[in-house]
2 protein chains.
Amino acid sequence: MLLRQSQSVEWRSIFGSGNGILGGDWILQLRSSSRNYREQKVVSVTRKDQVYTILRQAIISSQLSPGEAIRKELVASQLGVSRTPVSDAINRLADEGLVEIYPQTGTFVARLWLDKIETAQFVRMALETAAIRRTAERSTPELLARLRQNLERQRKAADRLDFEQFYELDEAMHDMICDAAGLAGLREIASKERSQIDRVRRLLLHYETRMIETLIEHEAIITAIAEKDANRAAKAMETHISQMGKLLLHLREKRPELFGS
Amino acid sequence: MLLRQSQSVEWRSIFGSGNGILGGDWILQLRSSSRNYREQKVVSVTRKDQVYTILRQAIISSQLSPGEAIRKELVASQLGVSRTPVSDAINRLADEGLVEIYPQTGTFVARLWLDKIETAQFVRMALETAAIRRTAERSTPELLARLRQNLERQRKAADRLDFEQFYELDEAMHDMICDAAGLAGLREIASKERSQIDRVRRLLLHYETRMIETLIEHEAIITAIAEKDANRAAKAMETHISQMGKLLLHLREKRPELFGS
DNA sequence: CAATAACATCTAACATGTTACACGCTAACT
DNA sequence: AGTTAGCGTGTAACATGTTAGATGTTATTG
């Protein structure tokens with residue numbers, strides 16, 4: 001791969017190093033044929049959707065680091081598709097705030113901007129506390145059973161210090177609560193607005209030492225839902241979410257290079 | 001323009017009738033050159049951005065009706081651009097829920113779905129009540145002056161039954177309150193999540209007979225902000241936003257064809 | 001005559017070619 | 001030495017060609 005001599009390290013893409021972070025022989029599958037598309041609400045999985053999913057995952061999981069260049073052409077060839085679906089996917093990621101596109105210049109994994117994270121945190125707080133109120137009011141035994149099962153698995157994951165697993169269960173729990181509010185598409189909106197936060201949380205995983213505290217907070221949330229106490233549930237959620245802020249400053253000290261100006 | 005005999009009226013695009021709703025001689029301007037793009041946070045205005053703005057405006061203002069087909073190629077030729085920026089703009093609108101894309105079939109202005117509107121209403125409520133709490137706490141004389149000036153203009157618009165102007169001032173007021181919360185990018189998020197609601201409100205404009213009531217509600221909101229009373233401000237905003245729900249059912253009776261299944 | 005298979009047609013999805021322009025570099029000029 | 005103008009390069013933006021598939025229609029078959 002040719003690099004201009006003048007390019008700073010920031011410009012170099014790891015897509016160029018070796019066989020690439022996205023792995024080897026990707027052959028993206030197109031959806032199989034089916035009639036009556038418009039009537040059934042089939043979720044069409046096009047190539048751009050698949051590219052989007054792959055890149056989003058790579059960014060949130062920090063396989064691609066903030067500030068790193070994304071070379072569309074390389075991504076395209078690595079995934080075995082043309083530039084078009086890659087561009088489409090990247091446009092969507094730009095809307096979501098996960099990449100920064102500089103016209104005629106380049107595309108970069110978005111750096112972390114404190115002000116944007118603050119906004120995302122605010123939005124998350126507003127949405128999830130509002131959602132849990134509804135959920136608490138309409139909670140069912142089935143929901144509680146699933147929440148408690150999830151909590152139990154969290155406990156086990158915490159016992160064996162399995163950060164990744166714990167993180168996934170945590171996410172799943174928040175999704176459950178969101179879904180249980182009974183509002184179509186709310187989870188998708190919440191999850192989209194949460195992507196900035198998720199990225200930070202992933203980076204924090206290995207500094208994370210408060211799984212026990214988190215477990216207790218989760219327990220309080222579930223108890224409040226069980227008692228159908230909307231106010232207490234909202235309060236518990238608020239307490240839980242606000243913990244993030246403190247950890248964030250910690251990350252900024254440890255890894256300043258991930259942050260924007 | 002050639003139409004297949006079998007095409008139902010739903011499929012016919014008004015882009016095909018006469019010189020088109022988007023008007024005559026559009027020549028989309030590209031941004032002029034400027035150095036240091038990445039440092040300054042200049043908002044780049046590309047063609048796809050312009051197409052996006054034009055189409056979004058057309059949809060929200062109901063120049064394009066729900067369910068109507070959007071013919072990319074016609075839009076492209078009417079705007080004097082190629083299909084690419086049009087596709088990009090439409091993808092973005094699809095993310096926003098303003099158009100429905102059926103793969104290999106067609107693109108349509110999104111119909112109104114009660115469940116989606118309900119979700120949008122919920123999100124709007126959550127975000128704007130949370131935002132106004134912050135705004136109330138940090139309100140300044142300058143903000144209050146601008147809000148009161150806006151309110152005064154609302155009063156005048158109401159006097160001369162200028163619905164459009166009233167609507168615009170209303171929107172501007174909500175934007176101001178959102179901005180005053182002091183969170184980067186919050187207005188953009190709120191405005192995006194509000195687009196479904198805005199569309200409904202536009203359609204309701206001509207059935208709207210509650211400008212006086214709206215004015216009173218706005219007054220209550222501003223008063224609460226002036227007193228820096230976060231709880232009362234949030235309550236006033238909640239009351240204000242919840243009025244929408246009732247009007248919505250009214251619209252569904254009057255114009256059922258705009259709604260999805 | 002109903003069910004179904006083959007076909008025609010139209011459009012989004014995808015591929016690829018081309019252009020404009022942002023940025024780094026360098027050289028000229030003050 | 002600091003500033004600016006011009007050039008080279010690489011990328012996103014844009015244009016356009018091609019393909020696949022969803023749907024309506026028609027033909028075919030029982």
Side-chain angles (χ1 to χ4, degrees), chain A residues 1-8 10-13 15-16 28-40 42 44-52 69-77 79-91 94 99-108, chain B residues 1-8 10-13 15-16 28-40 42 44-52 69-77 79-91 94 99-108:
Chain A
M1 176 186 176
L2 286 168
L3 281 178
R4 276 185 302 166
Q5 205 179 21
S6 62
Q7 281 176 330
S8 65
E10 191 192 21
W11 283 70
R12 205 181 323 132
S13 166
F15 282 117
L28 298 190
Q29 296 296 323
L30 280 178
R31 63 195 172 289
S32 55
S33 173
S34 84
R35 274 191 165 252
N36 273 352
Y37 230 120
R38 298 178 59 192
E39 311 311 322
Q40 312 158 27
V42 183
S44 132
V45 181
T46 59
R47 288 188 218 217
K48 70 174 163 234
D49 293 330
Q50 296 175 66
V51 175
Y52 167 78
I70 297 177
R71 308 277 307 281
K72 291 185 183 187
E73 203 150 33
L74 274 170
V75 176
S77 67
L79 297 182
V81 296
S82 78
R83 308 194 310 271
T84 309
V86 176
S87 287
D88 288 346
I90 286 179
N91 282 334
V99 304
E100 299 169 4
I101 300 175
Y102 297 97
Q104 265 77 32
T105 304
T107 303
F108 305 85
Chain B
M1 174 190 174
L2 286 169
L3 280 178
R4 276 186 303 164
Q5 205 180 19
S6 62
Q7 280 176 331
S8 65
E10 190 194 21
W11 283 70
R12 205 179 324 130
S13 166
F15 283 115
L28 298 190
Q29 297 295 324
L30 279 179
R31 63 194 172 289
S32 54
S33 175
S34 82
R35 272 190 165 253
N36 273 353
Y37 231 121
R38 297 179 59 191
E39 310 311 323
Q40 311 159 25
V42 182
S44 135
V45 181
T46 58
R47 288 188 218 215
K48 71 174 162 231
D49 293 329
Q50 296 175 66
V51 175
Y52 166 79
I70 297 176
R71 307 278 308 280
K72 292 185 182 184
E73 200 147 19
L74 275 169
V75 177
S77 67
L79 297 181
V81 296
S82 78
R83 308 194 309 270
T84 309
V86 175
S87 287
D88 287 346
I90 285 178
N91 282 334
V99 305
E100 299 169 3
I101 299 175
Y102 296 95
Q104 264 78 32
T105 304
T107 302
F108 305 85

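In what follows, every heavy atom counts, from backbone to side chain, and hydrogens, waters and symmetry copies are set aside. The structure displayed is predicted, hence computed values, not measured ones. Numbered from 1 within each chain, the chains take letters A, B, ... in sequence-line order.
The CG atom of A/Asn91 lies 6.5 Å from the CG atom of A/Asp88; values are rounded to the nearest 0.5 Å. With values rounded to the nearest 0.5 angstrom, B/Thr107 atom OG1 is found 5.0 Å from B/Ile101 atom CD1. One distance of note links CG of A/Leu74 with CZ of A/Arg83; it measures 12.5 Å at 0.5 Å rounding.
Atom CD of B/Gln50 and atom P of D/dC14 are 8 Å apart (whole Å). The nearest whole Å value for the distance from the CZ atom in B/Phe108 to the C1' atom in D/dT23 is 10 Å. The CD-P distance, from B/Glu73 to C/dT9, rounds to 17 Å in whole Å. Rounded to whole Å, the distance from CZ on B/Arg71 to P on C/dT11 is 4 Å. Remark: P of C/dT18 and CD of A/Gln104 are 18 Å apart, rounded to the nearest angstrom. Distance, A/Asp49 CG to C/dA13 P: 9 Å, rounded to whole Å. Straight-line distance from the NZ atom of B/Lys72 to the C1' atom of D/dG17: 16 Å, rounded to whole Å. Distance A/Tyr102 OH to C/dA22 C1': 13 Å, rounded to the nearest Å.
The nucleotide whose nearest atom lies closest to any side-chain atom of A/Thr46 is, among D/dC14, D/dA12, C/dC14, C/dC14. Distance from the side chain of B/Lys48 is smallest to D/dA13 among C/dA13, D/dA13, D/dT23.
Only A/Val81, A/Ser82, A/Arg83, A/Thr84, A/Pro85, listed by number, bring a heavy atom of residues 81-91 of chain A to less than 4.0 angstrom from any atom of DNA chain C.
Contacts of B/Ser82 classified as side chain to side chain contact (heavy atoms under 4.5 Å, CB included), with partners at least two apart in sequence or in another chain: B/Thr84, B/Pro85. Legend: residues meeting side-chain hydrogen bond (donor to acceptor under 3.5 Å, both in side chains) with A/Lys72, ordered by chain and number and at least two apart, are A/Ser87.
Summarising the geometry of A/Asp49 relative to A/Val45, their closest heavy-atom pair is OD2-CA, 3.9 Å, with the distance given to 0.1 Å. Listed here is the closest heavy atom pair of B/Ala69 and B/Phe108: CA-CD2, 3.7 Å.
For A/Arg47, a side-chain nitrogen or oxygen approaches OP1 or OP2 of C/dA15 to under 4.0 Å.
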